[in-house]
Number of protein chains: 2
Amino acid sequence: MKTKTSRCAGLPDAAELERLASVLRLLAHPERLRIVGRLERGGAAPVHELMGDLDHTQGALSQHLNHMKRAGLLQAERRGKEVWYSIADRRAVSVLHCMCCKKENP
Amino acid sequence: MKTKTSRCAGLPDAAELERLASVLRLLAHPERLRIVGRLERGGAAPVHELMGDLDHTQGALSQHLNHMKRAGLLQAERRGKEVWYSIADRRAVSVLHCMCCKKENP
DNA sequence: GCAACATATCATGATATGATGATATGTCAA
DNA sequence: TTGACATATCATCATATCATGATATGTTGC
């Protein structure tokens, strides 16, 4: 027996692959990778602090944060005037770490 | 002391982040994720076999393969009329596995 | 209410990426 | 050398993404 998926058994289906790809698209951006790294190392932070650490304009940073939040990668919590962001999906950190490994096969 | 990068120490520099992001951009596509999964599970294969397994048109598949090859994610070897592709950068597989994990934090 | 601050959203033009169909190149066998 | 097969590349159009600057919303303290 040889179906179209015989060598792809166990792979996510089309809809799930589309979801995985859409999350990866968000991570596939240098500034957003920096945001993930910053939040991993420095912990949760309000936007203006991230602005200082990462050297973004306010509008651009806010859009990056909101995209990642809507995708579930980050979570946000308002504390008074500030909104504190932190990592909500550990796959963001995992992917960053994966990418920083050596690429060679063992 | 509090520099702009004090909470980002150890993160890759801007050029390296751009390189990581460009590799992730390639993986951030459902069809290319399927190609990685197929090559991981079924091993190296010529293009026409991938075409059958993955249900792509020839031109589209060839372009995906070549993009990933140029980025070093895949490698290609000609055997007679055929060109056999296989995975060259294990990060491709790692990222796919990362993405298939549960997203919840422990 | 108003001022000051923190964050979010919008509008726009520039650039990148993707799908498709056509065409070109390379390899082998007869 | 010709034909058949395998793969690569090209041209084009449609769509998505990005950066930027302007503007809007929400929060607090006075």
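The model shown is predicted, which means the values in this text are computed figures rather than measured ones. Computation of the quantities below employed the complete heavy-atom set of this structure, encompassing side-chain atoms and omitting hydrogens, waters and symmetry-equivalent molecules. In what follows, every chain begins at residue 1, and chains take the letters A, B, ... in the order their sequences are listed.
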So, B/E82 and B/R79, do they make that salt bridge, N to O below 4.0 Å?
-> no
Between atom NE2 in A/H56 and atom C1' in D/dC18, what is the gap in whole Å?
-> 12 Å
Hphob cluster co-occupancy, B/V36 + B/W84, side-chain heavy atoms under 4.5 angstrom | no
Could you tell me the separation between the CG atom of B/L54 and the C1' atom of C/dA19, rounded to a whole number of Å?
-> 17 Å
Nearest heavy-atom neighbours spanning B/V23 and A/M99 | CG1-CE, 3.5 Å
Protein-nucleotide distance (B/R32, atom CZ; C/dA19, atom C1'), rounded to Å = 12 Å
Examine the side chains of B/E31 and B/H56 and answer whether a donor and an acceptor come within less than 3.5 Å of each other.
-> yes
Quick one, which residues of residues 23-30 of chain B touch DNA chain C with a heavy atom under 4.0 Å?
-> B/R25, B/H29
Apply the test salt bridge (Lys or Arg N to Asp or Glu O under 4.0 Å) to residues B/R90 and B/E40: give CA-CA distance (whole Å), side-chain angles for both, the deciding distance (0.1 Å), then the verdict.
-> CA-CA 10 Å; B/R90 69 183 183 197; B/E40 182 201 4; over 6 Å; no
Which part of the nucleic acid does A/H64 contact within heavy-atom distance under 4.0 Å: base, sugar-phosphate only, or nothing?
-> sugar-phosphate
Calculate the interatomic distance between A/L61 atom CG and C/dA6 atom P; express it in whole Å.
-> 14 Å
Atom CG of B/D55 and atom C1' of C/dT20 are separated, to the nearest Å, by 15 Å
Whether each nucleotide of nucleotides 5-12 of chain D has a protein heavy atom under 4.0 Å at its base (B), only at its sugar-phosphate (S) or at neither (-) is summarised, 5' to 3', as SSBBBB--
Please name the residue in the list B/R41, B/R34, B/R38 that meets the salt bridge (Lys or Arg N to Asp or Glu O under 4.0 Å) test with B/D53.
-> B/R38
For B/A76 against B/K69, the heavy-atom pair lying closest together = CB-CD, 3.8 Å
First locate atom CG of B/L39, then atom CD of B/Q75, and finally report the distance between them rounded to the nearest 0.5 Å.
-> 10.0 Å
